Amino acid sequence: KGPGLKALAFSGKGKPPTPAVYATVSHTFRARGLLDEVLARVSAVNKVNVLKDIREQALGYVLIYELLLGPNKSIRGGGGVKRSVVKHEKALRDALAHLEANGSDATKRAIASASSSATHSSVSTSSWPRYVRVNTLKTSLEEAIESAKQTLGAANVAVHPVLDNLLAVSPSVSNLLHEWELVKGGQVVIQDLSSCLTAAALGGGEGEGEGKWWDNGKSNVFLDACAAPGNKTTHLAAIVNSTSKVKSKNTVIALDRSGDRIKILQKRVSLLAPDAVSPLHLDFLKTEPSDARFSKLKAILLDPSCSGSGIVNSPDRAEEDDTAERLKSLSNFQLLALLHSMSFPQVNYIAYSTCSVNDEENEAVVSKALQEANANLEGGEVWELRRPLSLEKWSRRGKAVEGLTEEQASCLCRCDPFNGDETNGFFVSYFARVKAKRGTEGSPDVGSGPLSGTIPIYRKGLFASTSGSSSGSSSGSDKSKKRKAFDGKEGRKEEGEAKVTEGGGNKIAKISSDAKAAPGGGSKKAAKARAFKAKQREKKLARLKKKKQDKKQS
């Protein structure tokens, strides 16, 4: 492929287009096939060629898009091209209505997708904070905060309330980020909040009392299956090499099948994590689990190609129509990649994510993968969804689509930019292979959390007074309808959850005691989370008892 629409739009001489114009052109390009169907219908029924008298036909397409599919369903501004389009307004609207009622499934899907694109355009990201991940391979959170206070101003920086080592920065000083010495040196990384969830899920431990399984003093190997450009890769490398127990270096093998993209990955890795990541030019779907390079592999991060339907601050990431055929093709590829991940017998943990808001690419893929993979597993093993310990406080959860229970859906995390999450749309799931012996020691560890007394914990609207003329925030009534992305009162880890040792009877007794405990208080969601965790412990208790019985019989 050649340069993207954004690169073409902003590479010419003179004044570049505004973000709003760029977004409109991008969505027009995306809806080109649908607009051609509308024009063909007008020509057949009304015997009119709408574009015949328009010299700049590309502009004509943009104005027709604005009229039929734009957020305001009207054309801004004036001029001769507008007059040429508006005189056929009734015919154009009638043609669209006919296609919406009587068109093929693909056409109906294209109309729904185009309407969604208009919603994307209406989402204002100008008031969102910019997010900066602290690269703990090269600096500490404390040092990054002190540098941020000096470079950006203490009033413009806050600690994220859920994710460790993530800073929220006021949009009023976003222009200073690329000149920040820590950004240039790779000590901090400009990375969207949503993009940080995958590595956090895989490296943050799981909510069944087992904590960070990789923090065991051994040299563990991870795989990023579709790694370029490398932000998630290097984030994972930083997480799994960030504790005092890591005596032997944990390594991330990073794959990408594109020759051009692997070069970008190598450059990114050389700046951010040169000693912790090994890039390889390989197609993940062509890898073999028996490959000696993967013999010590324990976990896979899978963030495959997707529709990009959740990306609202980069419209050219979604230039193709999300037709039923395209979504089916994407979801088939995603399912194939996830099942391939589950076929590695040495792998016990997988994080699967997309930057899509479509159920077909998210919960539906997860549901099918669980059914197909578990039907083929042998030896009493099974893949299960788990709640990532590092994301317990994340309130927006998955959907209970066909094949998934409410409990399973509660293990999934979503981001929704259309409902106040202040980040791009995203989906992440975390799987663990349940074996007779987990071989994991240590108590749960949710991280050190934010530093108190230095800078505040970020909350929505914190930077409103420092954002100048930014006007992207919603009205009070709109805010009351929106679901908050962060809820520090829910999903908290139960205090006193004990260390799970490797012993026999004592281990069973302790888990049984924890499972039967029923702490009161808290919200309904918190109670539901506690009940889910108790049920998970009961399942583990049953497995351990069965193991003990099997030993006696043998």
Side-chain angles (χ1 to χ4, degrees), residues 128-200 202-204 212 214-215 222 224 227-246 249-252 254 263-279 301 390 423 447-458 462-463:
W128 289 4
R130 307 303 184 255
Y131 298 99
V132 176
R133 171 174 64 83
V134 179
N135 182 8
T136 53
L137 292 173
K138 303 187 75 170
T139 191
S140 66
L141 178 61
E142 295 90 339
E143 292 172 344
I145 287 175
E146 285 305 310
S147 176
K149 288 162 66 176
Q150 294 176 15
T151 305
L152 308 173
N156 295 315
V157 186
V159 174
H160 193 268
V162 177
L163 296 182
D164 287 344
N165 301 307
L166 186 67
L167 303 178
V169 176
S170 170
S172 66
V173 293
S174 61
N175 60 311
L176 301 178
L177 286 176
H178 290 282
E179 300 303 318
W180 188 8
E181 288 302 318
L182 265 61
V183 170
K184 294 180 179 180
Q187 289 91 346
V188 300
V189 183
I190 301 172
Q191 185 170 349
D192 190 56
L193 163 62
S194 62
S195 176
C196 295
L197 295 184
T198 316
L202 187 59
K212 296 176 180 177
W214 48 263
D215 198 6
F222 297 74
D224 189 344
N231 279 350
K232 297 180 183 70
T233 314
T234 53
H235 186 197
L236 178 62
I239 290 174
V240 300
N241 286 288
S242 62
T243 71
S244 58
K245 290 184 183 179
V246 181
K249 181 177 61 182
N250 289 323
T251 303
V252 180
K263 293 176 183 177
I264 297 173
L265 174 64
Q266 290 169 337
K267 183 177 180 180
R268 198 72 176 146
V269 166
S270 67
L271 174 66
L272 302 178
D275 300 323
V277 177
S278 299
L301 187 157
S390 57
T423 187
S448 58
L451 297 177
S452 58
T454 56
I455 59 175
I457 296 175
Y458 180 73
L462 176 66
F463 299 130

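Model, not experiment: these values are computed from the prediction.
- A distance-only check finds no donor-acceptor pair linking the side chain of Lys232 to the backbone of Leu301 [under 3.5 Å].
- With hydrogens and angles disregarded, a donor-acceptor distance shorter than 3.5 Å links the side chain of Asn241 to the backbone of Asn250.
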Show every donor-acceptor pair shorter than 3.5 Å between a side-chain atom in residues 180-187 and any protein atom, with sequence neighbours excluded, or say none if there are none.
unit_1: Trp180; atom_1: NE1; unit_2: Ser147; atom_2: OG; d: 2.8
unit_1: Lys184; atom_1: NZ; unit_2: Glu179; atom_2: OE1; d: 3.4

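- Of all the heavy atoms in Leu137 and Ala237, the pair that sits closest is CD2-O, 4.0 Å.
- In this structure Ile264 satisfies the side-chain contact (heavy atoms from CB on, under 4.5 Å) test together with Pro229, sequence neighbours excluded.
- To the nearest 0.5 Å, the span separating CG on Asp215 from OG on Ser242 amounts to 7.5 Å.
- Here Gln191 pairs with Arg133, Ser195 under the side chain to side chain donor-acceptor pair (under 3.5 Å) rule; sequence neighbours left out.
- Here the shortest heavy-atom pairing between Val134 and Leu141 reads CG2-CD1, 3.8 Å.
- In this structure, Glu146 CD and Gln150 CD are separated by 6.5 Å, a value rounded to the nearest 0.5 Å.
- Checked by atom type and distance alone, the side chain of Ser390 pairs as donor or acceptor with a backbone atom of Ala200 at under 3.5 Å.
- Of all the heavy atoms in Phe463 and Val157, the pair that sits closest is CE2-N, 3.8 Å.
- Looking at every heavy atom in both residues, Gly203 comes nearest to Val240 through CA-CG1, 4.4 Å.
- Remark: Ala228 engages Asp256, Arg261, Leu265 in a side-chain contact (heavy atoms from CB on, under 4.5 Å) (not counting sequence neighbours).
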TODO: Take Leu177 and Val169, measure what side-chain contact (heavy atoms from CB on, under 4.5 Å) needs, and give me the verdict at the end.
DONE: CA-CA 9 Å; Leu177 286 176; Val169 176; 4.3 Å; yes

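- Taking all atoms of both residues into account, the shortest heavy-atom contact from Leu176 to Thr151 is CD1-O, 3.9 Å.
- Judged purely by atom type and a 3.5 angstrom limit, Thr423 uses its side chain to pair as donor or acceptor with the backbone of Ser194.
- Taking the side chain to side chain donor-acceptor pair (under 3.5 Å) definition, one finds that Arg268 meets it with Asn231, sequence neighbours left out.
- With values rounded to the nearest 0.5 angstrom, Ile239 atom CD1 is found 7.5 Å from Thr136 atom OG1.
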Task: Stepwise side-chain contact (heavy atoms from CB on, under 4.5 Å) check, Thr198 with His235 - done: CA-CA 9 Å; Thr198 316; His235 186 197; over 6 Å; no

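- With rounding to the nearest 0.5 angstrom, the CZ atom of Arg130 is 10.0 Å from the CG atom of Asn175.
- In this structure, the side chain of Lys149 does not engage the main chain of Ile455 through any donor-acceptor pair within 3.5 Å.
- Looking at every heavy atom in both residues, Tyr458 comes nearest to His160 through CB-CA, 4.5 Å.
- Separation of atoms CG (Leu163) and SG (Cys196) is listed at 6.5 Å; rounding is to 0.5 Å.
- If you take CG on Asp224 and OG on Ser278, they are separated by 12.5 Å, rounding to the nearest 0.5 Å.
- Qualifying side chain to side chain donor-acceptor pair (under 3.5 Å) partners for Thr139, counting only residues two or more places apart in sequence or in other chains: Glu143.
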Open item on the list: Go through it in stages, so that I can follow the logic: the residues are Ile145 and Leu167, the test is side-chain contact (heavy atoms from CB on, under 4.5 Å), and I'd like the CA-CA distance, side-chain angles, deciding distance and then a yes or no.
Closed with: CA-CA 8 Å; Ile145 287 175; Leu167 303 178; 4.1 Å; yes

